[in-house]
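For reference, the structure is listed below as structure tokens.
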Amino acid sequence: MARQLPYQTVKEIFTRFEASEPEPKGELHHLNAFTLLVAVALSAQATDAGVNKATGPLFPVADTPQKMLDLGEEGLTGYIKSIGLYRNKARNVIRMSRILVEEHGGEVPSSRAALEALPGVGRKTANVVLNMWWGHPAQAVDTHILRVGNRTGIAPGKDPVAVERAIEDHVPAEFQRHAHHWLILHGRYICVARKPKCKACLISDLCAYEDKTT
DNA sequence: ATCCCGAGGG
DNA sequence: CCCTCTGGAT
């Protein structure tokens, strides 16, 4: 695990991210709060491209919890079979939809506790919804951010919560809102898991990673 | 710690 | 073939 980069270095990194991409956005397709919640839940250990392929046909049919219940677990499974872990995900989305209808008036709750009480929704998914839909400064830490945070030294930590804290503590306040997507996109296209593309990386000179041969 | 679990890339 | 992909529940 790389050591924590100095504050000024982290600041310079995000200054470059912002210059390169002023308004970074996620790439998971959704139509409203409910479909965002479902899309994020489906994205566990799956690529967003793969999730989008399945939700393209699905969401026009089931863009509310009630319509999802009408579709049913069998029907839903038919749409998402191309996504890994699809049985657990189908079961969770149906159970989640029932709770939304019965306990939240069909709306997506805005509190962490209520979100994490939903089946298939853990800390990471809750943080994404809190950030993207409700505008809270929540830092969702996924596989990309865990890797990029440690490799670069922007936010080192052995577990997601530690990295979450490191981001809150070491990323300048003005960059916190978009930090999630900047780090995700950097991890997805440049700081990839296998052979990070350091030659094409715009923060390579500031990064703590040792092997920059690629 | 283990299970879930298909698609895409190297 | 092996690894990875915006994790969560047990």
Side-chain angles (χ1 to χ4, degrees), chain A residues 17 21 24-30 33 35-58 73 76-99 108 112-134 136-152 154-155 157-164 166-167 171 176-197 199-200 211 213-214:
Chain A
F17 282 155
E21 185 64 64
K25 292 175 291 184
E27 298 180 335
L28 271 181
H29 298 167
H30 59 278
T35 51
L36 172 64
L37 173 62
V38 172
V40 178
L42 292 178
S43 73
Q45 299 299 115
T47 62
D48 60 342
V51 172
N52 289 338
K53 192 174 297 182
T55 58
L58 169 64
E73 185 171 333
L76 173 57
T77 300
Y79 283 97
I80 68 170
K81 239 179 175 166
S82 62
I83 303 175
L85 317 180
Y86 68 90
R87 271 189 280 261
N88 285 335
K89 289 172 180 176
R91 188 176 66 246
N92 286 333
V93 168
I94 294 301
R95 290 179 177 172
M96 169 198 308
S97 298
R98 184 165 295 118
I99 293 174
V108 173
R112 167 185 304 287
L115 286 167
E116 290 189 8
L118 299 170
V121 180
R123 186 180 184 87
K124 180 260 173 180
T125 299
N127 279 343
V128 173
V129 173
L130 288 171
N131 183 323
M132 288 183 64
W133 192 261
W134 296 111
H136 296 197
Q139 295 300 334
V141 176
D142 55 40
T143 181
H144 289 304
I145 293 180
L146 190 69
R147 179 181 68 253
V148 174
N150 279 288
R151 186 182 275 166
T152 59
I154 293 171
K158 54 192 287 288
D159 64 273
V161 176
V163 171
E164 196 177 311
I167 292 172
V171 175
Q176 294 259 341
R177 179 182 266 319
H178 293 308
H180 174 69
H181 285 133
W182 277 320
L183 292 171
I184 285 271
L185 295 172
H186 186 64
R188 182 174 299 158
Y189 296 112
I190 302 294
C191 198
V192 296
R194 298 236 208 150
K195 293 177 181 172
K197 302 173 181 177
K199 304 281 192 192
D211 179 13
T213 53
T214 55

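This is a predicted model, so every value here is computed, not measured. Throughout, protein chains are lettered first and strands after them, A, B, ... in sequence-line order, and every chain is numbered starting at 1.
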Notebook entry, point to check: Cut-off 3.5 Å, side chains only: do A/Arg95 and A/Asn92 have a donor facing an acceptor?
Noted result: no
Check: What distance, rounded to whole Å, do you find between the two C1' atoms, one in C/dC5 and one in B/dC5?
Finding: 12 Å
Check: A/Tyr86 or A/Lys53: which one's nearest nucleotide on DNA chain B is closer to the 5' end?
Finding: A/Tyr86
Notebook entry, point to check: Would you find a donor on one side and an acceptor on the other, under 3.5 Å apart, between the side chain of A/Gln139 and the backbone of A/Gln176?
Noted result: yes
Margin query: Could you tell me if the side chain of A/Leu37 sits less than 4.5 Å from the side chain of A/Leu118, heavy atoms only?
Written below: yes
Notebook entry, point to check: How would you label the contact of A/Lys81 with the nucleic acid (heavy atoms, under 4.0 Å): base, sugar-phosphate, or nothing?
Noted result: sugar-phosphate
Next item on the list: Determine the Euclidean distance between corresponding P atoms of B/dT2 and C/dT6; express it in Å to zero decimal places.
Entry: 25 Å
Margin query: A/His186: which residues meet the ring pair (Phe, Tyr, Trp, His ring centres under 6.0 Å) condition with it, sequence neighbours left out?
Written below: A/Phe17
Check: For every nucleotide of nucleotides 3-9 of chain C, 5' to 3': is a protein heavy atom under 4.0 Å from its base (B), only from its sugar-phosphate (S), or from neither (-)?
Finding: BSBBBSS
Next item on the list: Measure the shortest side-chain to side-chain distance between A/His136 and A/Arg112 over non-hydrogen atoms and say whether it is less than 4.5 angstrom.
Entry: no
Next item on the list: Carefully, step by step, assess A/His178 and A/Glu21 under the rule side chain to side chain contact (heavy atoms under 4.5 Å, CB included).
Entry: CA-CA 10 Å; A/His178 293 308; A/Glu21 185 64 64; over 6 Å; no
